[in-house]
Trainee: 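Have a look at the structure that comes next, please.
Values below: all heavy atoms of this structure, side chains included; hydrogens, waters and symmetry mates excluded. Every number for a ligand or one of its atoms is a count from 1 in the order of the listing.
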Amino acid sequence: MIKRVVRRTTKQVYKHAIKPVLFKQHPDNVHKHLIKVAKHTQRIPAVKRLPKLWAYQAPCLEQTILGLHFKNPVGLAAGFDKDIEMAPTIKNVGFGWMTGGSVTAQPCRGNPKPWFYRLPQSKSLVVHAGLPSDGIVAILQHLATYPASLFTSMPLAVSVAKTNSKETALDEQGITDYCESLRLLNIQNHCQLYEINISCPNAFGGEPFTDPERLEKLLAAIDSLKLHSPVFLKMPIDKPWLEFRELLQVASEHNIQGVTIGNLLKDRSAAHLSEPLPDEIQGSLSGKPTRQISTELIRQTYREFSDRFVIIGVGGIFSAHDAYKKIRAGASLVALITGMIFEGPQLIGEINAGLESYLKRDGFGNIHEAVGVDTHDKKGV
Ligand SMILES: Cc1cc2nc3c(=O)[nH]c(=O)nc-3n(C[C@H](O)[C@H](O)[C@H](O)COP(=O)(O)O)c2cc1C
């Protein structure tokens, strides 16, 4: 009851007082300052527990997937905590799991700034960060400073991409680069899931591994690493179903346990934006424009590959309703970034509380019973 009041109050304060101030500043600066504040406050005992007031847990939201226990299905998507600096804060906010990264083998400054541009009416961000990363060695040193218990109650997925540089442009070098990060992560054994980001639209050399033959080579190399943790593939959402399916087919022949659907939207003409997007703003779209495309790809993937892949649903989740639609389409877990930026940090607890209500309404005892029901039951939510 108290937590519900806190979530509602935070929602109003965020909407009417905090967001108007934040949205007057450049999103690159807001993101940079947020990381600084989180890194500082998550070390102060009295302050670090405050975000817990937004969190929401219920037995019907708990699942064990691929041997990992998730207290709730709502995770942080790749890209918000690139160097895995805010994990304690992310846990306290109420996420059931998080994706760190994308990390790369070599340190990289990313694309020249600006990286981000807001489209408030379209509920979207234009992203052109280009995989900035401290590099895997620095990130592993950093990960080692966290207590092991942090990630036993909030599984950590690490998203791995290839370093954004000329040196990794050839396939062979690109593959070596992915494998170097994965090899070091596997030795240190700090993370519970790997996510292979083949679909970063904003990097040097484009997305070579969204081509089936080249993906085959990358995944064969990853197979030979004999990774200890489950491996997910982060999928592009711009491909027509038959091409998307071809990539799934390739992945199904390798050591890949799941797919994350999906990444940013490159095709602006598919976005139905509510405001003009100047041509000089480079980048791909997050948030609402990705919502329906990703949900449909989840649905089709579940129909054909539900016995082969676990699906993580990502793209345009701003409410429990959006998350539940992805779950009913076939996602066992969901993840978000843009929804939290637009709606506030209490959104995670709101989604979990809302999911519990939807499960009760529809007569499901646990979230896993709702996964994929819309692929055989045409009733919407
Ligand atoms: C600020 C920002 C940075 C991102 N960086 C990455 C990244 O490094 N790696 C990645 O796989 N996806 C990245 N993404 C894509 C997100 O993980 C996600 O797929 C996409 O934003 C759709 O989810 P959303 O609508 O909840 O934001 C980024 C997205 C945003 C908004």
Trainee: What I want to find out is whether Asp177 reaches Lys162 closely enough, with some N-O distance under 4.0 Å, to be called a salt bridge.
Mentor: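 Looking at Asp177 and Lys162, the cut-off is not met.
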Trainee: Is it the side chain (CB and beyond), the backbone, both or neither of Thr338 that lies under 4.0 Å from ligand 1, heavy atoms counted?
Mentor: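 The answer is both, backbone and side chain.
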Trainee: Would you call Arg328-Asp362 a salt bridge at under 4.0 Å N-O?
Mentor: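 A salt bridge is present here (some side-chain N lies under 4.0 Å from a carboxylate O).
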Trainee: Hey, could you give me each pair passing salt bridge (charged side-chain N to carboxylate O under 4.0 Å, His left out) that has a residue in residues 180-198? Not counting sequence neighbours.
Mentor: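 The answer is Glu180-Arg183.
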Trainee: Check this for me - ligand 1, Leu125, N or O atoms closer than 3.5 angstrom, yes or no?
Mentor: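 Among all N and O atoms of Leu125, none is under 3.5 Å from an N or O of ligand 1.
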Trainee: With sequence neighbours excluded, tell me which residues meet side-chain hydrogen bond (donor to acceptor under 3.5 Å, both in side chains) with Ser357.
Mentor: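 Partners of Ser357 under the side-chain hydrogen bond (donor to acceptor under 3.5 Å, both in side chains) test: none.
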Trainee: Under 4.0 Å from a heavy atom of Asn197: which atoms of ligand 1 are those, numbered in the order shown and with their elements?
Mentor: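 Taking each heavy atom of Asn197 in turn, ligand 1 has 9 (N), 10 (C), 11 (O) under 4.0 Å.
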Trainee: Considering only protein heavy atoms, which is closest to atom 12 (N) of ligand 1, and at what distance to one decimal place?
Mentor: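 Scanning the protein heavy atoms, the shortest distance from atom 12 (N) of ligand 1 goes to Lys234 NZ, 3.1 Å.
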Trainee: Can a non-hydrogen atom of Ala129 be found less than 4.0 Å from any atom of ligand 1?
Mentor: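 Judged by the 4.0 Å heavy-atom criterion, Ala129 does not count as contacting ligand 1.
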Trainee: Among protein heavy atoms, which sits nearest to atom 4 (C) of ligand 1, and what does the distance come to when rounded to 0.1 Å?
Mentor: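 Atom 4 (C) of ligand 1 sits closest to the protein heavy atom Gly79 CA, 3.4 Å.
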Trainee: Can an N or O of Phe80 be found at a distance shorter than 3.5 Å from an N or O of ligand 1?
Mentor: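 For ligand 1, there is no N or O atom that lies under 3.5 Å from one belonging to Phe80.
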Trainee: Have a look at Gly316, Pro27, Gly262, Ser159 and point out the one with the heavy atom closest to atom 19 (O) of ligand 1.
Mentor: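 Going through Gly316, Pro27, Gly262, Ser159 one by one, Gly262 has the nearest heavy atom to atom 19 (O) of ligand 1.
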Trainee: Would you mind checking which non-hydrogen protein atom is closest to atom 30 (C) of ligand 1, with the distance to 0.1 Å?
Mentor: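 Sorting protein heavy atoms by distance from atom 30 (C) of ligand 1 puts Val127 CG2, 3.7 Å first.
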Trainee: Mind checking whether Phe116 has an N or O less than 3.5 Å away from an N or O of ligand 1?
Mentor: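 There is no such contact.
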Trainee: Is ligand 1 under 4.0 Å from a heavy atom in the side chain of Lys82, in the backbone, in both, or in neither?
Mentor: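 The side chain, only.
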Trainee: If Ile, Leu, Val, Met, Phe, Trp and Tyr residues are connected whenever their side-chain heavy atoms lie under 4.5 Å apart, and connections chain through other members, are Val259 and Leu336 in the same group?
Mentor: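 Same cluster.
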Trainee: Under 4.0 Å from a heavy atom of Gly315: which atoms of ligand 1 are those, numbered in the order shown and with their elements?
Mentor: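 Per the distance check, 22 (C), 23 (O), 25 (O).
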Trainee: Quick one: does Leu184's side chain get under 4.5 Å of Val137's, heavy atoms only?
Mentor: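 Yes, at least one pair of side-chain atoms sits under 4.5 Å.
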Trainee: For ligand 1 and Ala78, I'd like to know whether there is a polar contact (N/O to N/O, distance under 3.5 Å).
Mentor: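 Yes - when backbone and side-chain N and O of Ala78 are compared with those of ligand 1, one distance drops under 3.5 Å.
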Trainee: Side chain or backbone, does Glu195 bring an N or O within less than 3.5 Å of an N or O on ligand 1?
Mentor: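 No, since none of the N or O atoms of Glu195 sits under 3.5 Å from an N or O of ligand 1.
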Trainee: What is the ring orientation for Phe70 with Trp97, classed by angle as parallel under 30°, tilted 30 to 60°, or perpendicular over 60°?
Mentor: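 If you compare the ring of Phe70 with that of Trp97, the planes turn out perpendicular.
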Trainee: Students should be able to answer this: which protein heavy-atom is nearest to atom 26 (O) of ligand 1, and at what distance?
Mentor: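 Nearest protein contact, heavy atoms only, for atom 26 (O) of ligand 1 is Ile337 N, 3.0 Å.
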Trainee: Consider salt bridge (Lys or Arg N to Asp or Glu O under 4.0 Å). Of Lys15, Lys123, Lys288, which one does Glu343 pass it with?
Mentor: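 Testing each of Lys15, Lys123, Lys288 against Glu343, the sole residue satisfying salt bridge (Lys or Arg N to Asp or Glu O under 4.0 Å) is Lys123.
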Trainee: Please report which non-hydrogen protein atom sits nearest to atom 20 (C) of ligand 1, along with the residue it belongs to and the distance in Å to one decimal place.
Mentor: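 Looking at atom 20 (C) of ligand 1, the protein heavy atom closest to it is Leu264 CD2, 3.8 Å.
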Trainee: Any side-chain to backbone donor/acceptor pair from Asp223 onto Asn255? Under 3.5 Å, distance only.
Mentor: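 Yes, because the side chain of Asp223 sits within donor-acceptor range (under 3.5 Å) of the backbone of Asn255.
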Trainee: What protein heavy atom is closest to atom 9 (N) of ligand 1, reported as residue, atom name and distance in Å?
Mentor: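 Checked against all protein heavy atoms, atom 9 (N) of ligand 1 sits closest to Ser102 OG, 2.7 Å.
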Trainee: Can you name the atoms of ligand 1, numbered from 1 with element, that are less than 4.0 Å from a heavy atom of Leu336?
Mentor: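 Selected atoms, number and element: 26 (O).
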Trainee: To the nearest 0.5 Å, what is the distance between CG on Asp171 and NZ on Lys217?
Mentor: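 Between Asp171 CG and Lys217 NZ, I get 6.0 Å after rounding to 0.5 Å.
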Trainee: Thinking salt bridges, do Lys39 and Glu85 make one under a 4.0 Å N-O criterion?
Mentor: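 Counted as a salt bridge, because a side-chain N and a carboxylate O are separated by less than 4.0 Å.
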Trainee: Could you check whether any heavy atom of Ser124 sits closer than 4.0 Å to an atom of ligand 1, since that is the contact criterion I want to use?
Mentor: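 Heavy atoms of Ser124 never come under 4.0 Å of ligand 1.
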Trainee: What is the nearest protein non-hydrogen atom to atom 15 (C) of ligand 1, stated with its residue, atom name and distance?
Mentor: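 Atom 15 (C) of ligand 1 sits closest to the protein heavy atom Asn263 OD1, 3.6 Å.
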Trainee: For atom 18 (C) of ligand 1, what is the closest protein heavy atom, and at what distance to 0.1 Å?
Mentor: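 Nearest neighbour among protein heavy atoms for atom 18 (C) of ligand 1, to 0.1 Å: Val314 CG1, 3.7 Å.
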Trainee: Side chain or backbone, does Gly339 bring an N or O within less than 3.5 Å of an N or O on ligand 1?
Mentor: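 Among all N and O atoms of Gly339, none is under 3.5 Å from an N or O of ligand 1.
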Trainee: Are Met235 and Ile312 in one and the same hydrophobic cluster, where Ile, Leu, Val, Met, Phe, Trp and Tyr link if side-chain heavy atoms are under 4.5 Å apart?
Mentor: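 Result: no, two separate clusters.
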Trainee: Just by distance, do the side chain of Ser229 and the backbone of Cys191 share a donor-acceptor pair under 3.5 Å?
Mentor: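 A pair under 3.5 Å: yes.
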